Amino acid sequence: MGILGIILLVIFCLISLLLIFLVAIQDENSVGLGGIFGGSSDSAFGSNTSSFITKATTILAIVFMILSLVVAIVNKSSDAEIERAIAAEAEAAAAADWSEEDTAAGSWVDETAESGSTESTEAAEVSAE
């Protein structure tokens, strides 16, 4: 995700919080959270407050929808990118497994060679006696 994706995501979060706030303070015939901010919403912020809040909510809802599509398009991954990432991960895991097996096999071969050389030396000593 590039810088553009991060900036769009931050703006998206801010707009969603603003939208939540505006929906919460809307007046539905004096029912809801609109009464918290000074009684009736119509008189708290002015005489045309409800129409302003309704228009602002509508505009923010439209911007929210458009921005959600833009963020999705900017951050989408194509199938080829996903397949490449999966293949790279599988190759890295296989390489790690092979290196572990080689290390384990190498240590087994070393131990066998060491024990075999000791046994052959002991066998030579016994036969010499």
Side-chain angles (χ1 to χ4, degrees):
M1 181 160 66
I3 299 293
L4 179 64
I6 293 171
I7 291 171
L8 287 174
L9 194 60
V10 168
I11 293 171
F12 183 72
C13 290
L14 291 175
I15 287 182
S16 64
L17 291 173
L18 246 161
L19 189 61
I20 290 169
F21 175 74
L22 285 178
V23 168
I25 65 170
Q26 280 187 0
D27 185 29
E28 292 287 331
N29 297 329
S30 299
V31 177
L33 295 177
I36 292 175
F37 299 102
S40 174
S41 292
D42 292 336
S43 63
F45 300 112
S47 61
N48 292 328
T49 304
S50 64
S51 65
F52 170 75
I53 291 176
T54 304
K55 288 178 186 177
T57 304
T58 304
I59 291 169
L60 276 178
I62 291 169
V63 170
F64 178 82
M65 290 296 193
I66 292 171
L67 197 57
S68 65
L69 291 174
V70 171
V71 168
I73 290 170
V74 167
N75 292 329
K76 81 171 189 168
S77 298
S78 67
D79 290 339
E81 290 176 4
I82 294 171
E83 289 174 2
R84 274 187 251 128
I86 291 172
E89 186 176 322
E91 288 175 10
D97 289 343
W98 279 104
S99 65
E100 288 175 8
E101 288 177 10
D102 289 343
T103 305
S107 64
W108 178 77
V109 170
D110 292 341
E111 289 174 6
T112 306
E114 289 174 5
S115 65
S117 64
T118 307
E119 291 173 3
S120 62
T121 307
E122 289 175 0
E125 289 175 4
V126 169
S127 63
E129 292 176 359

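Quick caveat: nothing in here was measured; it's all calculated off a predicted structure.
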| task | For I7, check side-chain contact (heavy atoms from CB on, under 4.5 Å) against everything at least two apart and list the hits. | result | I3, I11

Atom pairs and distances, side-chain donor-acceptor, residues 13-22, under 3.5 Å, sequence neighbours left out:
from : atom 1 : to  : atom 2 : distance (Å)
S16  : OG     : F12 : O      : 3.3
S16  : OG     : C13 : O      : 2.7

| message | Membership question, hydrophobic clusters at under 4.5 Å side-chain separation (ILVMFWY): are V23 and V63 in the same one? | response | no

| query | Do you know which two heavy atoms are closest between T57 and Q26, and how far apart they sit? | reply | OG1-NE2, 2.7 Å

| field | Set of residues satisfying side-chain contact (heavy atoms from CB on, under 4.5 Å) with respect to I62, sequence neighbours excluded | value | T58, I66

